[in-house]
Undergrad: 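There's a structure below that I have some questions on.
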Amino acid sequence: MVRANGAVSLRELARVVQTSEVTVRRDVRALEAEGLLDRRHGGAVLPGGFTRESGFPQKSHLATAEKTAIADLAAGLVEEGEAIVVGAGTTTQELARRLARVPGLTVVTNSLLVAQALAHANRVEVVMTGGTLRGSNYALVGSGAEQSLQGLRVSRAFLSGSGLTAERGLSTSNMLSASVDRALVQAAAEVVVLADHTKLGTDTMFQTVPTDVITRLVTDDPPPHDDRAATELQALADQGVQITVAGGQSGTVGPDPVPTGRQQRRDMPLPGPRRGPQLRSAAASMLGESTAGERSAAARVADMRRR
């Protein structure tokens, strides 16, 4: 399956062979020891180290439920009439599908998939960069894309990547993609990273967004056994990144329950000294959250590990 698709998730493997993810994880570890594949959080890929990057067909099948939950929450951060940039990626494509319902929105993107998702949204204006088409992820890259972003200023940038660590921030395996992502960041007042738990603790070749530039991370709830992801969340929170977690059974922060049909979420506070007091997001206000009941990021990570 890995040879055919370039990457595969543990969940999909467990479903196909009709066994538990624990058993699959053990077998994947044995295959990695033989040099047949490389393990990734939540899945496995062909060997290749820092320089290998899976194509869009392979990425689109990894952590699909998690990406959907992340996109649902990220869309709640966008307000009517706002101007934003949205980078390339399978998670940002999911976000774009939800942004089609936001009136008066202007979206600047270098992704053909993001533009396609918004093509029939009557009340959303789509502005595409120039550049050279990179077929593996349907993104426009190169000097043409970067030059078209000069002088641009928007409220937020929504980006994803191949890996995210507290030490280096967001990274990707392709130099051209990294360069355009850095130009997108320069155009935005705030940077929101969309990354499922399989990206946490993974470091790839080219840095795109340093940790101290990331305003918010929207991610999903790591599974109980994933200590590495939980530890990385703690380290990111310690450096001042505001963390919004989708899914899980713990619900939202504060006394109000999550209304039926809405995605569960919770925020980690900002313990780091990098930023001063911050306003709650539009999504937090919409869900009726109360900051008075928030606990520390360390307590949240401890809860994740106990589950």
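Only this structure's heavy atoms are used, side chains among them; waters, hydrogens and symmetry mates stay out.
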Undergrad: Going by side-chain hydrogen bond (donor to acceptor under 3.5 Å, both in side chains), name the residues that satisfy it together with T132, two or more places apart in sequence or in a different chain.
TA: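 Listed in chain order: nothing, the list is empty.
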Undergrad: Would you mind listing every salt bridge (charged side-chain N to carboxylate O under 4.0 Å, His left out) that reaches into residues 171-190, with sequence neighbours excluded?
TA: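 For residues 171-190: R156-E190.
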Undergrad: Determine the minimum heavy-atom distance between T204 and T172, stating which atoms define it.
TA: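 Shortest heavy-atom separation between T204 and T172 comes out as OG1-N, 3.0 Å.
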Undergrad: Is it true that D196 and K67 have a side-chain N and a carboxylate O under 4.0 angstrom from each other?
TA: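 Looking at K67 together with D196, the answer is no, because their closest N to O distance does not fall below 4.0 Å.
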Undergrad: Kindly list each side-chain donor-acceptor pair under 3.5 angstrom involving residues 102-114, sequence neighbours excluded, with atom names and distances?
TA:
from: T109; atom 1: OG1; to: V86; atom 2: O; distance (Å): 2.7
from: T109; atom 1: OG1; to: S111; atom 2: N; distance (Å): 3.0
from: N110; atom 1: ND2; to: L140; atom 2: O; distance (Å): 3.1
from: S111; atom 1: OG; to: L113; atom 2: N; distance (Å): 3.2
from: S111; atom 1: OG; to: V114; atom 2: N; distance (Å): 3.1

Undergrad: Output all residues satisfying side-chain hydrogen bond (donor to acceptor under 3.5 Å, both in side chains) with Q186, sequence neighbours left out; order by chain, then residue number.
TA: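 Once residues adjacent in sequence are excluded, Q186 has no partner under the side-chain hydrogen bond (donor to acceptor under 3.5 Å, both in side chains) criterion.
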Undergrad: Could you go through S162 and K199, starting from their C-alpha distance and side-chain angles, then the distance that decides it, and tell me whether this counts as side-chain contact (heavy atoms from CB on, under 4.5 Å)?
TA: CA-CA 6 Å; S162 301; K199 309 285 182 65; 5.6 Å; no
Undergrad: Restricting to pairs with a member in residues 146-155, which pass side chain to side chain donor-acceptor pair (under 3.5 Å), not counting sequence neighbours?
TA: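 Pairs touching residues 146-155 that pass the test: E82-S155, E146-S179.
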Undergrad: Who are the salt bridge (Lys or Arg N to Asp or Glu O under 4.0 Å) partners of R29, not counting sequence neighbours?
TA: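 Applying salt bridge (Lys or Arg N to Asp or Glu O under 4.0 Å) to R29 gives none.
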Undergrad: Could you tell me which residues satisfy salt bridge (Lys or Arg N to Asp or Glu O under 4.0 Å) with R98, sequence neighbours excluded, listed by chain and number?
TA: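 With sequence neighbours excluded, R98 shows a salt bridge (Lys or Arg N to Asp or Glu O under 4.0 Å) to D72, E94, given in chain and number order.
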Undergrad: Show, in sequence, the C-alpha distance, side-chain angles and deciding distance for T219 and L200, and conclude whether the side-chain contact (heavy atoms from CB on, under 4.5 Å) test is met.
TA: CA-CA 9 Å; T219 186; L200 299 177; 4.1 Å; yes
Undergrad: Check for a donor-acceptor pair, side chain of E32 on one end and backbone N or O of R39 on the other, with a separation under 3.5 Å.
TA: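 Judged by distance alone, yes, a pair lies under 3.5 Å.
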Undergrad: side-chain contact (heavy atoms from CB on, under 4.5 Å) between I84 and F158: does it pass, once the steps are laid out?
TA: CA-CA 8 Å; I84 62 174; F158 291 86; 4.0 Å; yes
Undergrad: Quick one: do E80 and R101 make a salt bridge, cutoff under 4.0 Å?
TA: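 Looking at E80 and R101, the cut-off is not met.
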Undergrad: Can you check side-chain contact (heavy atoms from CB on, under 4.5 Å) on R228 and T231, steps first, answer last?
TA: CA-CA 5 Å; R228 182 180 180 181; T231 300; 5.8 Å; no
Undergrad: Which residue, V185, V191, L184, forms the side-chain contact (heavy atoms from CB on, under 4.5 Å) with V85?
TA: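 Output: one option passes, namely L184.
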Undergrad: Using atom types as modelled, flag every donor-acceptor pair under 3.5 Å from a side chain in residues 119-131 to any protein atom, sequence neighbours excluded.
TA:
none

Undergrad: Quick one: list whatever passes side-chain hydrogen bond (donor to acceptor under 3.5 Å, both in side chains) with R15, sequence neighbours left out.
TA: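 Residues passing side-chain hydrogen bond (donor to acceptor under 3.5 Å, both in side chains) with R15: E12.
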Undergrad: Would you say Q116 has more than 12 foreign heavy atoms packed within less than 6.0 Å of its CD?
TA: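 Atom CD in Q116 is not packed in, count stays at 12 or less.
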